[in-house]
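Structure first, commentary second.
Naming convention: chains lettered A, B, ... in sequence-line order (proteins, then strands); numbering from 1 in each chain.
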2 protein chains.
Amino acid sequence: MANALPTPKILLVDDDPDIIELLEYNLNKEGFETASANDGIQALEVAKDFKPDLILLDVMMPRQDGIETARQIRQNSDFKDTYILFLTARAEEYTEVAAFDVGADDYIVKPIKPRALVSRIKAILRRDTQQIESDSLIEIGILTINRTNYSVINNGNPLVMPKKEFELLYFLAKHPNKVFNRDELLEKVWGVDVYVVERTVDVHIRKLREKIPEHYIKTLKGVGYMFSIEE
Amino acid sequence: MANALPTPKILLVDDDPDIIELLEYNLNKEGFETASANDGIQALEVAKDFKPDLILLDVMMPRQDGIETARQIRQNSDFKDTYILFLTARAEEYTEVAAFDVGADDYIVKPIKPRALVSRIKAILRRDTQQIESDSLIEIGILTINRTNYSVINNGNPLVMPKKEFELLYFLAKHPNKVFNRDELLEKVWGVDVYVVERTVDVHIRKLREKIPEHYIKTLKGVGYMFSIEE
DNA sequence: CCTCAATGTTACGGAATTGTTAAATATAAA
DNA sequence: TTTATATTTAACAATTCCGTAACATTGAGG
């Protein structure tokens, strides 16, 4: 994935292991985390642990069909923000009304074209990240930090900076006067599943200080780094 | 035509019978009714009977040029609602002021690309029912991007570009200073149900940068592409 | 004023991303 | 049909970025 947001988690529910494998391969390749279940009953169990952001649900399954499974998932408020997509063999087979009644967000017709699937999943997941990021302008001191165009304007003149530097600055400036140690910064900016040595942070701090007024980023020895416009 | 409106009638005026044939073929295929004339004098006579909705008028013709013909057409109040489009061999040959003075609605540069022509004619005739989109014209930096006729003018000289390139440029220029990653561009420009590999975008970006000032389209590595007139 | 652990700074190599070209495919025109 | 053009894909080149390590400097506690 291109940003430091947590990796989206997708639960795949289908009784055909070949389909599961195909989907997992393609989704993992695109940076999604996946789990799977073979039927609706199992899907509910796995979902409780896995807490997926999106569930791909085959309509036709043994034991319990997708529609009923979706209904039960929707009853659990833990999954109120979870997207549900149905997989269906043919368009006619899909009873649209019933599916949307139980809160389906979309449906996908087999045979599955992996690229199309990935594209649609990305589009769906993008809808909520866009809203989160919509309020993304920070004005602090002489800096204007704008996440929509990754620009930093320093006293009128625009700065370009690489992505990691920008993300680090953005995070620090978003929480002014708060100290973060290296571990916290790595987790928040790099992400929980990125493993780099702590002192990588130092190097990025150094580069930031070359570009913005140096005193904006303070070092608290033994504690961490802090953004503050105080001298 | 897909609606119940009467078939739009188009009068073609050109001294070259090959051009007439080309135009008639393509316009008839799209459901337009056509008539033709070989010069300006004849055009006036035919127009009185045919009562076209739109006249395509070659600028350079024997006996009477297009500009003069247009003036005479405009003098007849029967044709006050008739659209007039000029055909001109090269952009420089076209004296814009004179043409618009006599009431031209648009002009088309030869060699004619039938698809583009049909598209523009449809766009013009649509103005009857639909308001012209106010934002269909973008002027940004030295570029003028006009969606009603798919034209891009770069510092005075018109550019032709294929549809996808145009749409990509149009979209980027419509949202200046905002970064879009490849997925977003594919969704917004190619459409939600078109599934091509992400890097197709790169190739189109490359082609755009050959035609417009290169620095207008910025790459933000790991983030996406952005239109910006800043250096 | 020392000590030395913490932080600052620099430079290099590998990894990831993008640029570029060309060939393959699709679409439209003659 | 044939030709031309547009679009997509794939391969390879170029570039940028990031992470690491090595060395330098700082400053708080003694």
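Taking the screw axis at each terminus of the helix from dC1(C)-dG30(D) to dA30(C)-dT1(D) from five consecutive base pairs, the angle between the two is 30° to within rounding of 10 degrees.
Per the geometry, CZ belonging to Arg206(B) stands 16 Å off C1' belonging to dA11(D), to the nearest Å. What separates CG of Leu208(B) from P of dG19(C) is a distance of 12 Å, to the nearest Å. Taking atom CG of Leu220(B) as the reference point, atom P of dG19(C) lies 10 Å away to the nearest angstrom. As rounded to whole Å, 16 Å separates atom P of dT9(D) from atom CD1 of Ile205(B). Distance Phe166(A) CZ to dT16(D) C1': 18 Å, rounded to the nearest Å. In this structure, Arg182(A) places its CZ atom 9 Å from P of dA6(C), rounding to the nearest Å. Between Glu214(A) atom CD and dT9(C) atom P there is a gap of 6 Å when expressed in whole angstrom units. The interatomic distance linking Lys218(B) (NZ) with dT18(C) (P) rounds to 16 Å, in whole Å.
Partners of Thr200(A) according to the side chain to side chain donor-acceptor pair (under 3.5 Å) rule, which considers only residues two or more places apart in sequence or in another chain, do not exist here. Looking at residues two or more places apart in sequence or on another chain, you find a side chain to side chain donor-acceptor pair (under 3.5 Å) between Asn28(B) and Thr34(B). Under the side chain to side chain donor-acceptor pair (under 3.5 Å) criterion, Asn149(A) pairs with Ser151(A), not counting sequence neighbours.
Arg147(B) has a carboxylate O that lies under 4.0 Å from a charged side-chain N of Glu167(B), or vice versa, which qualifies the two as a salt bridge. By the 4.0 Å N-to-carboxylate-O rule, Glu210(B) lies close enough to Arg206(B) to be salt-bridged with it. Taking 4.0 Å as the cut-off between side-chain N and carboxylate O, Glu230(B) and Lys218(B) do not count as a salt-bridged pair.
Figure legend: cation-pi geometry between Lys164(A) and Phe166(A) absent, as NZ or CZ is not positioned both under 6.0 Å from the six-membered ring centre and within 45° of its axis. The cationic atom of Lys178(A) (NZ for Lys, CZ for Arg) lies less than 6.0 Å from the six-membered ring centre of Phe180(A) and within 45° of the ring axis.
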Q: For nucleotides 19-30 of chain D, just jot down a letter per nucleotide in 5' to 3' order: B, S or -, based on protein non-hydrogen atoms under 4.0 Å.
A: SBB----BS---
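Residue whose closest nucleotide on DNA chain C sits further toward the 5' end, between Gly222(A) and Glu210(A): Gly222(A).
Screening residues 190-200 of chain A for salt bridge (charged side-chain N to carboxylate O under 4.0 Å, His left out) gives Arg199(A)-Asp202(A) as the qualifying pairs, with residues at least two apart or on separate chains.
Checking the phosphate oxygens (OP1, OP2) of dT17(C), no side-chain nitrogen or oxygen of Thr219(B) falls inside 4.0 Å.
Backbone-only contact: Tyr225(A) has heavy atoms under 4.0 Å from sugar-phosphate atoms and none from a base.
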